Asks: 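Next up is a structure, given as structure tokens.
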Amino acid sequence: MNTITEPAGPEPLRFDTKIAVLLRADLEPWQRLNVTSFLVSGLGTQIPEVIGEPYEDADGVSYLPMFRQPVLVFEATKETLTTAHTRALSRSLPRSVFTSDLFATGNDRDNRAAVRAVPTAELDLVGLAVYGPRNAVDKVVKGARMHP
């Protein structure tokens with residue numbers, strides 16, 4: 001009996017960095033999606049190494065590049081999110097924030113003004129994205145759980 005053995009594929013690529021999004025657990029589903037989208041957009045604009053190469057399909061149609069690595073999404077209580085924010089700041093990790101005030105604004109200028117109006121310790125965070133070395137990001141999101 002002949003058997004065909006598939007060649008062993010390459011080892012899974014393990015990144016030494018991590019992209020994590022932490023969402024407050026009490027958000028509505030549409031809010032979770034909206035917040036996640038806004039948060040990760042900041043990382044791609046300021047940290048070019050997180051972006052991979054452009055895509056192209058078999059017909060030669062080009063598509064925009066995306067992150068070169070997975071984005072892990074977590075959820076947590078308001079308190080855990082606040083603690084994660086403090087940890088990200090203390091480690092000087094690249095980060096983006098989304099506060100509850102941003103649900104009431106309709107443009108980037110008003111979003112920035114809403115964040116600027118509140119002291120760091122008083123931000124009503126609903127989302128946080130961080131990027132950095134795996135172990136540092138793991139410490140930031142400690143206490144959160146993977147988003148269901």
Side-chain angles (χ1 to χ4, degrees), residues 9-148:
E11 291 290 317
L13 186 56
R14 183 168 168 87
F15 294 96
D16 58 355
T17 58
K18 185 179 270 188
I19 299 170
V21 173
L22 183 55
L23 302 172
R24 205 164 74 191
D26 62 350
L27 295 178
E28 295 293 327
W30 73 266
Q31 292 173 317
R32 292 170 187 251
L33 296 170
N34 183 266
V35 170
T36 300
S37 298
F38 272 91
L39 288 171
V40 298
S41 69
L43 294 176
T45 62
Q46 295 299 304
I47 309 166
E49 65 268 20
V50 301
I51 303 297
E53 296 296 319
Y55 288 75
E56 185 176 294
D57 66 24
D59 294 324
V61 176
S62 297
Y63 301 94
L64 294 172
M66 296 185 282
F67 289 127
R68 65 181 179 92
Q69 65 189 91
V71 176
L72 302 173
V73 182
F74 298 85
E75 71 173 7
T77 63
K78 181 178 182 173
E79 295 76 23
T80 300
L81 185 55
T82 300
T83 299
H85 180 244
T86 301
R87 291 175 182 155
L89 292 173
S90 72
R91 288 169 173 77
S92 299
L93 293 175
R95 65 213 164 264
S96 52
V97 295
F98 198 104
T99 67
S100 62
D101 297 329
L102 303 188
F103 290 126
T105 61
N107 61 74
D108 186 52
R109 183 189 64 236
D110 292 343
N111 285 350
R112 286 182 282 114
V115 173
R116 188 178 298 113
V118 181
T120 305
E122 295 175 25
L123 291 171
D124 185 17
L125 297 169
V126 298
L128 171 71
V130 295
Y131 170 77
R134 291 180 65 83
N135 61 345
V137 173
D138 287 343
K139 289 176 182 173
V140 167
V141 299
K142 184 178 179 181
R145 66 183 183 113
M146 288 296 291
H147 192 282

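Predicted model only: the values in this text are computed from it and were never measured.
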Asks: What verdict does the side-chain contact (heavy atoms from CB on, under 4.5 Å) test give for Val97 and His85, after you've listed the backbone C-alpha separation in whole Å, the side-chain angles of each residue and the deciding distance to 0.1 Å?
Replies: CA-CA 9 Å; Val97 295; His85 180 244; 3.8 Å; yes
Asks: Counting C-beta onward and ignoring hydrogens, is there a side-chain heavy-atom pair between Phe103 and Val35 closer than 4.5 Å?
Replies: yes
Asks: Could you give the distance from NZ (Lys142) to CG (Asp138), rounded to the nearest 0.5 Å?
Replies: 10.5 Å
Asks: Grab the two heavy atoms, one from Val141 and one from Ala20, that are nearest each other, plus how far apart they are.
Replies: CG1-CB, 4.1 Å
Asks: Calculate, to the nearest 0.5 Å, the distance between atoms OG1 and CG belonging to Thr36 and Leu22 respectively.
Replies: 10.0 Å
Asks: Is Thr17 close to Arg68 at the side-chain level, that is, under 4.5 Å between some pair of heavy atoms?
Replies: yes
Asks: Any chance you could measure Asn34, atom CG, to Leu39, atom CG, to the nearest 0.5 Å?
Replies: 9.5 Å
Asks: List the atom of Gln31, the atom of Glu28, and the distance in Å for their closest heavy-atom pair.
Replies: OE1-N, 2.8 Å
Asks: If you look at every heavy atom in Val130 and Leu128, which pair is closest and at what distance?
Replies: CG1-CG, 4.0 Å
Asks: Can you name the one residue among Leu123, Thr105, Val118, Asn111 that meets side chain to side chain contact (heavy atoms under 4.5 Å, CB included) with Thr99?
Replies: Leu123
Asks: Under the 3.5 angstrom rule, does the side chain of Arg24 hit a backbone N or O of Leu81 as a donor-acceptor pair?
Replies: no
Asks: Check for a donor-acceptor pair, side chain of Arg95 on one end and backbone N or O of Leu89 on the other, with a separation under 3.5 Å.
Replies: no
Asks: With a 4.5 Å limit on heavy-atom distance, are the side chains of Met146 and Leu72 in contact?
Replies: yes
Asks: At their closest point, which heavy atom of Tyr63 faces which heavy atom of Val61, and how far apart are they?
Replies: CE1-O, 3.2 Å
Asks: Any chance you could measure Phe74, atom CZ, to His147, atom NE2, to the nearest 0.5 Å?
Replies: 11.5 Å
Asks: Between Thr86 and Thr120, is there a side-chain heavy-atom distance shorter than 4.5 Å?
Replies: no
Asks: Report the C-alpha separation of Asp108 and Arg112 in whole Å, then their side-chain angles, then the decisive distance to 0.1 Å, and conclude whether the salt bridge (Lys or Arg N to Asp or Glu O under 4.0 Å) test is met.
Replies: CA-CA 6 Å; Asp108 186 52; Arg112 286 182 282 114; 3.0 Å; yes
Asks: Minimum heavy-atom separation for Pro65 to Gly52, with atom names?
Replies: CB-O, 3.2 Å
Asks: Kindly write out the residues that satisfy side-chain hydrogen bond (donor to acceptor under 3.5 Å, both in side chains) with Asp16, not counting sequence neighbours, or none if the list is empty.
Replies: none
Asks: Would you compute the distance between atom CZ of Phe67 and atom OH of Tyr131 and round it to the nearest 0.5 angstrom?
Replies: 10.0 Å
Asks: Measuring from atom CG of Asp26 to atom CD of Glu75, what distance do you get when rounded to the nearest 0.5 angstrom?
Replies: 9.5 Å
Asks: Are the side chain of Asn107 and the backbone of Arg109 linked by a donor-acceptor contact shorter than 3.5 Å?
Replies: yes
Asks: What do you reckon, is CD of Glu49 surrounded by more than 12 foreign heavy atoms closer than 6.0 Å?
Replies: yes
Asks: State, to 0.1 Å, how close Ala129 and Leu43 come at their nearest heavy-atom pair, and which atoms those are.
Replies: CB-CD1, 4.1 Å
Asks: Quick check: do Phe38 and Ser96 have side-chain heavy atoms less than 4.5 Å from each other?
Replies: no
Asks: Could you tell me if the side chain of Val50 sits less than 4.5 Å from the side chain of Ile19, heavy atoms only?
Replies: yes
Asks: Keeping Arg32 on the side-chain end and Ala25 on the backbone end, is there a donor-acceptor pair under 3.5 Å?
Replies: yes
Asks: Are Lys78 and Asp124 side-chain neighbours, meaning at least one heavy-atom pair lies under 4.5 Å?
Replies: yes
